[in-house]
Amino acid sequence: MSKELGTRADDFSKWYNELVVKADLAEHSAVKGCMVIKPHGYAIWEKMQQALDTMFKDTGHVNAYFPLFIPKSFFSKEANHVEGFAKECAVVTHYRLKNSENGIVVDPDAKLEEELIVRPTSETIIWNTYRGWIQSYRDLPILVNQWANVVRWEMRTRLFLRTTEFLWQEGHTAHATAEEAIVETKQMLEVYADFAENWLAVPVLKGVKTANERFAGALDTYCIEAMLQDGKALQAGTSHFLGQNFAKAFDVKFTNKEGKLDYVWATSWGVSTRLMGALVMSHSDDNGLVIPPKLAPVQVVIVPIYKGVDGLDKISEIVDPLVKKLKQRGISAKYDKRDTHRPGWKFAEYELKGIPMRMAIGERDLENGTVELARRDTLSKETVPLENIEQKIEELLVDIQQNLYNRALKRREESTHIVNTYEEFKQALEKGGFVSAHWDGTPETEQKIKEETKATIRCIPLNNPQEEGKCIYSGKASAERVMFAIAY
RNA sequence: CGGGGCGUAGCGUAGCCCGGUAUCGCGCCUGCUUUGGGAGCAGGAGGUCGUCAGUUCGAAUCUGGCCGCCCCGACCA
């Protein structure tokens, strides 16, 4: 059939690309490196947004919106920050087109006095704005988040994982003390980890980035790292302690309780549509997408099997009230009674699209007072009594959510290797997954290992046990293990 | 930016080496029969072959330029 997928074992990368397109999550657009997120994909993103937004609000944050364009001069104010982003910025230089013999051209007379940068992230415009909002400790903290699009002109792109334009949220907070900002940074990391595990059903490693991997302009970058089915790591979210770097760059001072002027302490944190990639690569199988129930646009699809209009009516008499009962329980059900597609077609379609549960009901079931329930995660089917079916469905959805998490956790644990020598290290990388090893703490060693093996230090895990050891590369003393992996 | 691939109907493709106005599958439309895992039969619609130029009586096919996208590497969330 036209919708047949390749397999993960055969070519994981190809499987992923095909799945994203065939499951109607997204497609390549006419613009290089940019994708169209299709309704099915966007519905999942909306579910993520909803859950995250609630978690942000519950931790005291509010939403606002800052401009897409940033004056070029803002970028040069924080040295590390410029360096980090300079190579991937889209720049607006003109503001008008005109007709010419060669068709529409940029009007050379409409050159901007100062070029505008399409935001790759918003620290600069936000801190320039915060200067006007903050005078006293009474104005602090500022706990703002924005949902936005950003542009990073990457050389190579990949649907959801790395696109030129992507959607994300970026939190930008301002605090009176370093301690408070650090608490905020860590709190948001916990929020992300909570979201990843309880909504995405993706277990994540919480940790701190090394200097090499740190956000440009941050003092510390905390992250959650996921392990995907192909044994590669994916940075799924970051939370940065920015110190006073941006306050100093944009001259944001406040009067503290002692009446002295001080620079404000900052954090920023974000997750993006990259999470969609994490979702797909964590749970899906060779039959198609698998979406955890808590993020599924539709949790249960109900497919009637009937002959003739009368047959459908009889089934609808049962199903229509059931859909209402499910809704009352907060379960989203779709009754697909389209006569334009046959049941088998619908089964295959919803399977490909990852709908967690399917209920089929036909004439035989009407006689027996039963329905057939199928779950997407295990592909198993069972015939169960219609009576009290909504409770059964509710229980199964919870079970599917949990099962997906357990499965992913088991996979991660099985693909986490502890090694003590560089030889073992390289062998472990062949197998894929996380590799826990001693490191001497220098950027040079980290760089060498990266050049030789492509593996990077994904993070230094939080609450990392202290343990005497020797760096696998240099043999120098090390006090703790760090987590390596080949990453997306 | 380097290497590779591709551009032919809505999608996926054959044809290109060896020039003669385009193949097949899916999808789409109509009708009948069907409906518990991507239905069957019959009929039908749909194409400036990415683009510009050249060679030729004649170009999807040969030549040159251009454009675009995808994949693989170096940079990054």
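Worth knowing before you read on, the calculation uses all heavy atoms, side chains too, and leaves out hydrogens, waters and symmetry mates. Numbered from 1 within each chain, the chains take letters A, B, ... in sequence-line order.
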How does protein contact run along nucleotides 66-71 of chain B, one letter per nucleotide 5' to 3', with B for base contact, S for sugar-phosphate only, - for none, heavy atoms under 4.0 Å? ---SSS
Taking atom C1' in both A74(B) and C18(B), what distance in whole Å separates the two?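 One C1' to the other, the span is 42 Å.
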Could you pull out all residues at least two apart from Asp11(A) that satisfy side-chain contact (heavy atoms from CB on, under 4.5 Å)?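 Asp11(A) satisfies side-chain contact (heavy atoms from CB on, under 4.5 Å) with Ser13(A), Lys14(A) once adjacent residues are dropped.
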Sequence neighbours excluded, which residues qualify as salt bridge (charged side-chain N to carboxylate O under 4.0 Å, His left out) partners of [X]?
{"X": "Lys392(A)", "result": "Glu382(A)"}
{"X": "Asp320(A)", "result": "none"}
{"X": "Lys87(A)", "result": "none"}

Pairs under 3.5 Å (N/O, protein and nucleotides 40-46 of chain B):
none

What residues, two or more places apart in sequence or in another chain, satisfy ring-ring contact (aromatic ring centres under 6.0 Å, His included) together with Phe215(A)?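 Phe215(A) satisfies ring-ring contact (aromatic ring centres under 6.0 Å, His included) with His81(A), Phe85(A), His240(A) once adjacent residues are dropped.
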Would you please name every residue forming a ring-ring contact (aromatic ring centres under 6.0 Å, His included) with Tyr192(A), sequence neighbours left out?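 Applying ring-ring contact (aromatic ring centres under 6.0 Å, His included) to Tyr192(A) gives none.
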So what stems show up for RNA chain B if we need 3 or more Watson-Crick or G-U pairs in a row, all under 3.5 Å?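 If one scans RNA chain B for consecutive Watson-Crick or G-U pairs, the stems found are B:1-7 with B:67-73, B:10-12 with B:24-26, B:28-33 with B:39-44, B:50-54 with B:62-66.
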Sugar-phosphate, base or nothing in reach of Phe166(A), heavy atoms under 4.0 Å: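 Phe166(A): base contact, heavy atoms under 4.0 Å.
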Of the residues in residues 272-281 of chain A, which ones touch RNA chain B at a heavy-atom distance under 4.0 Å?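 Output list: Ser272(A), Arg274(A).
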Salt bridge (Lys or Arg N to Asp or Glu O under 4.0 Å): which pairs involve residues 225-240 of chain A, sequence neighbours left out?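 Qualifying pairs: Lys209(A)-Glu225(A), Glu225(A)-Arg458(A).
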Listed pairs under 3.5 Å, donor-acceptor, residues 307-316 of chain A side chains, sequence neighbours left out:
residue: Ser316(A); atom: OG; partner: Leu312(A); partner atom: O; Å: 3.1
residue: Ser316(A); atom: OG; partner: Tyr335(A); partner atom: OH; Å: 2.8

